[in-house]
Amino acid sequence: MTFFAPFTIPFIIGTIFLFAAVATKFVLWLVRLPRVDKRLIRHNLFTWHTLAAVWEVVRESLLHVRIFKVNPVLGFMHASLAFGWFLLIVVGWIETVAYLGAQWVPLQGHVFFKYFMPINGITHHEPLFEQLMDALLLVVLTGVALAWMKRLRSRFMGMRRTTKHILFDRVALSALWFIFPARLIAESLTAALYGGEGFLTGSLGHALAETVPHDLLVMFYEPSWWVYSSLLGIFFVAMPFSRYMHILAEIPLIFLRHWKLHPTAERKSYDRFEVEACSRCGICIDPCQLQSELGINDVQSVYFLRDRRYNMLNLKVANNCLMCGRCEAKCPVGINLNTLRLNSRAKRRNIPYEGRYKYLRGLDRSSGEGRVGYFAGCMTSLTPATQHSMEQIFKAVGEDVWFADRDGGVCCGRPLMLTGETDAARKMVAYNTDLFRRHNITTLVTSCPICLRVFREHYRLDGIEVLHHSEYIDRLITEGRLSVAADARRYTYHDPCELGRGCGIYDAPRRVIAAVGEVVEPKHSRRDALCCGSSLANTVIDDSQQLRLGERMTAELEATGCDTIVTSCPLCMKAINRAARCSVEDISEVVAKNILRS
Amino acid sequence: MRRASWQEYQKDIADDKYYYARSCIRQNFFPGSEKAFLDILGKDLGIDIFDDPLHTSCTGIGYHSDVVPLETIMTVVARQFALMAEAGYENFISSCITSFGIYNEVLATWEEFPETKERTRRYLKEATGRELVLPRSIAHTSDIMFHHRRAIAQRAKHRLVNVHTGEPLRVVEHIGCHYAKIFPKSGIGGSEFPYVLAGMIEAWGGDVVDYPERRHCCGFGFRNYLVQANRGYSIANSHKKLESMAPYRPDFIVANCPGCAMFLDKWQYAIAEMEGTTYGADGRGIPVLTYEEMAGLVLGYDPWELGMQMHQVDVEPLLDKMGVAYDREAKYLGRGGKYIGKPAKVAVNCDEERRIYQIKR
Amino acid sequence: MRNINFGYGISRPRAIDIDNNDLRKSNAIIAEMPELQACIGCGSCTASCTAGNLTEFNFRRLHTAVRRGEYKGAYEDINKCMLCGKCRLVCPRGINTRALIMLIKRKLGDF
Amino acid sequence: MAKRVVIVGGGPAGMQTALELKARGIEPIIVERDVELGGKVRDWHKLFPSFTPASDVLDPIIRGVKSAKIRCFLGQEVRAIAPDGVTLRSEERIHADAVVVATGFTLFDAHRKQEYGYGLYSNVITSVDLERMMNNGRVTLADGSEPRRIAILHCVGSRDEKVCQRHCSKVCCITGVKQAIELKQMFPTADVFNFYMDIRMFGAGYEELYREAQQRYNVHFVRGRISEAAQTINDRIQIKAEDTLTGRPLRMTVDMLVLLVGMNGNRDNESLAASASLNIAPNGFFEPKDSFRGAVCSQREGIFFAGAATAPKSLADTLAEASMTASTVAEYLNHKYNTR
């Protein structure tokens with residue numbers, strides 16, 4: 001048997017094209033990886049990391065466990081399509097083997113098995129496979145139906161908004177929507193003409209045979225397989241250029257990730273895997289406050305990745321992001337959205353200027369002496385109560401403190417990084433690193449989460465422990481060095497983005513506040529906490545828009561009925577203060593007010 | 001007439017019996033002008049004017065350059081007044097704008113701070129044995145010329161008119177800063193629209209050019225010129241004025257201040273050397289006259305008698321326009337036909353000689 | 001042309017010459033961020049400036065000069081900014097100063 | 001018999017006082033130097049900060065005065081005032097039970113700031129000239145063409161000791177902002193530069209309008225007073241100022257220079273004050289009895305003030321004060337005749 005019919009040509013062409021295109025992409029991307037990344041791959045290839053990656057591929061590429069966790073209906077939709085289709089292929093292959101033994105059958109032979117081997121041409125019938133294949137088809141069709149539903153009414157799927165797609169996506173999407181209904185029709189027609197026992201295709205075939213004249217069935221028989229094959233062909237050709245590339249891109253991505261590759265402040269070939277692994281599911285749209293509060297709906301991560309992938313990214317889209325990380329926290333593919341956004345900015349506007357920051361040379365405005373260094377941060381000089389409270393706390397525990405920037409310091413460099421000027425930021429990083437080293441500190445406490453994050457992620461401060469002041473205070477209390485009196489107030493804590501999602505510090509501040517009073521949680525908190533809107537990462541929204549974001553999130557904090565809103569970031573503090581009716585305090589103030597003198 | 005407001009500020013000017021105080025700069029750069037002034041008033045108009053050989057510099061340049069203290073200059077001024085009184089005069093006229101400013105400033109200081117006047121009286125007595133007497137009136141010599149402009153017009157041999165076209169000559173008037181910018185009431189027409197030179201030009205048939213930088217200083221500014229490091233600033237001011245007046249194609253510039261007349265004339269040469277730009281309709285520079293030279297030409301004086309060969313910018317084109325007869329050959333011949341030398345030409349591109357001034361860096 | 005070394009030249013005027021300044025860049029900056037014009041010259045930005053605390057960098061004067069078409073030295077100067085964003089927090093007119101600094105940098109030098 | 005009050009001045013202050021007195025059953029008599037009622041607002045096009053046409057405010061008041069049949073002596077000048085009446089230049093005497101001085105202000109004569117060349121240079125105009133042009137429906141340069149660059153100079157004849165006007169005229173800043181916006185509306189491609197010493201936006205909605213002028217209309221505000229103006233060869237105006245916010249001199253050529261002329265004390269204040277022994281404040285305006293509770297009273301019983309006679313005031317302030325004057329006068333008459 002040759003397993004060839006003219007209608008299979010579109011499918012064959014599509015498949016060859018798909019494999020060629022995808023292989024080219026992967027090879028190119030891998031070849032272009034920087035040397036460091038290649039070394040990582042070599043180093044980790046034959047370790048248990050690879051096995052872990054295989055397991056994750058099953059969980060994520062097929063079962064979509066993470067989407068399940070965010071949104072079960074959406075998870076089912078993805079799993080039914082992905083895993084269902086995967087099983088259709090696998091079971092179909094087994095079915096072929098079951099009928100024909102271990103002989104070589106070309107690909108189209110497996111895919112169009114029902115055409116080449118209708119029931120009446122088969123000597124020994126295997127009804128189990130027939131029922132199984134029908135069941136799998138039904139599962140996939142359910143997924144397709146849900147996808148239709150999502151397009152029509154996204155709310156039904158628990159999403160307020162869904163992605164707007166480009167042309168390639170629409171072609172691929174349309175093909176995908178009709179592939180399985182077309183298969184259903186083709187197989188049902190086959191069953192009507194040549195018999196079939198399947199509960200789905202067989203029943204439908206019998207029904208057709210009874211209601212539709214035989215001539216018509218014959219007339220539509222071949223075309224129905226043409227349609228099915230063509231839809232597959234179209235889908236495969238469109239796939240590498242559409243969002244469906246994610247199906248394939250996610251697999252190598254999972255492996256690379258397990259081999260410890262990650263995106264950096266500079267763009268590199270690895271980013272392609274992440275960018276193309278975005279399925280444009282649109283889960284990132286809803287958590288974006290720019291969308292929900294300000295109605296800005298063309299800058300979210302899904303659009304950013306899309307624009308970047310197709311080289312149509314403009315500065316305004318790249319810059320219009322709070323980088324609060326709420327979308328990153330929810331991304332089912334786990335794409336490093338903020339890092340990609342950052343290195344997009346860097347690509348577009350990192351022009352080093354030689355004479356820049358010459359004035360830093362030889363500068364030292366620090367004061368005091370001690371093994372503990374305190375870096376208040378630029379913004380903290382606008383919230384002097386924080387600085388003052390910290391000094392009180394230091395005094396209460398008798399800590400000798402070296403003050404890095406009491407008389408005005410040099411910026412930590414993160415604001416520059418956030419606008420993409422990584423090269424310029426390096427000068428600040430070098431300056432401050434040198435300053436900390438020169439003063440021989442072993443602990444560095446900062447009151448600014450923005451500084452904290454850059455100290456931890458970009459500074460090489462081996463031998464110096466970097467702490468946010470909330471962590472430091474927490475430690476003082478836990479170790480018993482500082483005792484605080486409890487008061488009867490109710491505090492609501494606002495998680496600053498850079499501290500919470502940025503550095504994963506959620507519990508320390510809560511423990512500190514709990515030592516003083518009652519902590520009441522707002523509707524969104526911890527990993528889900530809202531952004532205050534004053535983020536340095538966004539340079540596009542204007543003051544009134546910042547204010548609106550601040551007002552909405554402050555209203556949510558106040559809705560807890562608290563007496564005082566507590567935060568631990570000077571920027572958040574300023575933003576909440578603009579909008580709040582109740583009192584707003586930094587965590588250090590709460591503590592400093594309640595210090596018990598021994 | 002729109003310019004009516006130019007005449008708003010007027011001041012009392014004596015008709016006769018003037019005590020004449022000379023100018024340091026003019027005696028060196030425009031010696032003919034001071035002589036012409038004395039001749040025009042004394043001989044043409046028959047006015048009593050006394051040129052006292054005893055009087056001295058007012059020390060104004062030293063004062064403005066911070067080398068002469070206030071007490072000193074007040075005493076010097078007091079001595080001039082005392083000399084005037086001793087000579088039997090009471091109308092003090094000054095040939096120099098700087099001096100004119102100094103006299104006004106000193107008189108105003110004495111009035112506002114009488115103790116300074118008493119101190120000066122004492123110093124004068126101790127130093128010279130003379131008594132302090134205040135003049136009845138103070139005027140600049142251009143005020144005097146303005147005052148007698150109609151009498152001069154009556155005696156005019158030439159008018160400020162282009163004899164070939166019959167059109168009035170376009171004249172840029174430049175007033176020294178210290179004429180009225182220190183005390184607006186001390187100048188005719190005030191500080192914004194001083195009428196002193198404009199009045200003469202109009203009385204003698206010319207048209208006054210009002211150009212945007214009319215009020216601007218010539219750039220002399222004492223320390224700005226005297227210190228070489230500042231001299232670029234000095235010339236920049238003249239440059240700005242010349243640039244601003246150039247589109248009006250003036251036939252000549254007339255100034256009532258020694259420094260201004262000198263600078264507007266000499267800087268034209270320096271600018272030509274530095275930038276290759278020569279002003280004036282024919283690229284030969286814009287002649288710069290003192291008001292005495294202007295009055296002298298109107299009254300038919302010989303231009304070389306007036307000392308106009310001392311100018312860096314050649315005045316011949318202007319003389320031709322006015323129809324003034326002159327001996328081309330005699331220009332640089334002094335008394336007894338002796339060659340007195342000549343300045344570099346303003347149109348530097350025509351100059352064959354190439355000279356380098358040795359200036360210490 | 002210069003035959004003689006006088007030891008000095010004609011000083012260029014310090015004045016901002018609106019007539020001869022090329023206002024295209026400044027117009028483009030204002031067109032892109034009209035809120036710049038809302039500056040009332042209070043100087044809060046400069047007073048709070050982290051870079052201004054360490055150098056003579058004066059953002060208020062700089063952007064005022066840029067608006068008048070005075071670009072000389074502005075790019076070098078604006079590069080002293082560390083983009084820390086304090087100025088945006090204190091601006092009474094709510095001007096998005098960081099975006100403005102990036103915009104000026106872009107128009108005057110970057111790209 | 002109704003009490004009679006003579007009101008000197010038929011501008012907004014005088015008319016409003018008259019209307020409110022009439023409503024209280026008191027007979028007001030207006031003496032106005034001009035042959036028409038309305039005062040200087042008659043020349044005004046639109047009012048800040050709402051751009052309300054001036055006639056929308058003024059016309060109902062004038063109609064009110066006419067329909068209330070208030071006696072008006074038009075084209076008559078008051079020579080002397082006293083608590084019991086006024087004497088006209090014609091030596092006619094009008095007896096009254098009280099007198100209200102609502103003589104307003106005199107506009108600063110821009111000729112006095114010679115350095116700006118008003119009356120000398122063809123395209124230097126005052127804010128009043130501009131309002132008049134707008135009332136006539138067309139703002140142009142002297143040669144009939146459209147201005148492409150306009151400078152508006154604040155504080156001409158205000159806060160200037162050189163012309164003996166030390167006070168702030170209060171309304172010019174907002175007028176400058178209003179006129180800048182109007183000019184930008186007329187000539188959207190033109191550049192408008194406001195040269196100011198301080199921007200004083202004291203009223204409700206003024207600051208907002210200022211910001212709108214800056215941000216929405218792209219009006220350039222330069223902090224610095226123009227020191228001199230000179231005409232160029234093509235009838236433009238070259239101006240010099242210091243851009244104090246950059247600390248550098250600034251020069252430019254404009255097509256039109258608008259001088260925001262200030263309010264001076266009425267030129268007749270001296271003689272009127274002398275006739276009734278009233279006080280003139282150092283700023284040239286009448287000095288009220290005290291600035292808080294007696295702001296509309298003079299030092300003499302029976303003589304009252306309304307409007308800009310005592311200080312520069314906006315139209316809104318003037319009308320509000322007129323009401324206060326009327327009630328103060330009514331109370332005075334009531335007290336005077338009931339206790340007798």
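Letters go in sequence order (proteins before strands), and every chain restarts at 1.
Every residue was checked against the salt bridge (Lys or Arg N to Asp or Glu O under 4.0 Å) condition with C/R60, not counting sequence neighbours, and none meets it.
Between C/K80 atom NZ and A/Y359 atom OH the span is 8.0 Å, to the nearest 0.5 Å. Remark: C/C87 SG to A/L382 CG distance equals 10.0 Å, nearest 0.5 Å. The CG atom of C/N96 sits 8.5 Å away from the CG atom of A/D543 when rounded to the nearest 0.5 Å.
With a 6.0 Å radius and a threshold of 12 heavy atoms from other residues, nucleotides or ligands, C/R12 has its CZ atom above the threshold. Within 6.0 Å of the CZ atom in A/R438, the count of heavy atoms belonging to other residues, nucleotides or ligands exceeds 12.
Heavy atoms of A/L363 lying under 4.5 Å from chain C belong exclusively to its side chain. Only the side chain of A/S381 comes within less than 4.5 Å of a heavy atom of chain C; its backbone N, CA, C and O stay farther away.
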| field | Verdict with supporting geometry, A/L536 and C/R88, side chain to side chain contact (heavy atoms under 4.5 Å, CB included) | value | CA-CA 10 Å; A/L536 286 176; C/R88 189 175 185 186; over 6 Å; no
| request: Mind running side chain to side chain contact (heavy atoms under 4.5 Å, CB included) on C/K105 and A/E421 for me, showing each step along the way? | output: CA-CA 12 Å; C/K105 260 161 63 73; A/E421 302 202 46; 3.3 Å; yes
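A/M428 and C/M82 make their closest contact through SD-SD, 3.6 Å (heavy atoms, listed as atom of the first residue, atom of the second, distance). In this structure, C/M102 and A/T419 approach most closely via the heavy-atom pair SD-CG2, 3.5 Å.
Counting heavy-atom pairs closer than 4.5 Å to chain C, the top residue among A/S534, A/P415, A/S544 is A/P415. Ranking A/R578, A/R365, A/K574 against chain C, the residue ahead of the rest is A/R365, based on heavy-atom pairs under 4.5 Å. For the set C/G85, C/G94, C/C91, the entry with the most heavy-atom pairs within less than 4.5 Å of chain A is C/G94. Per-residue counts of heavy-atom pairs under 4.5 Å with chain C were compared for A/N538, A/D405, A/T539; the largest is that of A/T539. In terms of non-hydrogen atom pairs under 4.5 Å with chain A, the most contact-rich of C/T55, C/L54, C/L100 is C/L54.
Contacts of residues 406-414 of chain A with chain C at a heavy-atom distance below 4.5 Å involve A/D407, A/G408, A/G409, A/V410, A/C411, listed in sequence order.
Using a 4.0 Å cut-off between charged nitrogen and carboxylate oxygen, A/K316 and C/E32 do not count as a salt-bridge pair.
C/L89 has its side chain within reach of A/L571: a pair of non-hydrogen atoms, C-beta onward, lies under 4.5 Å apart.
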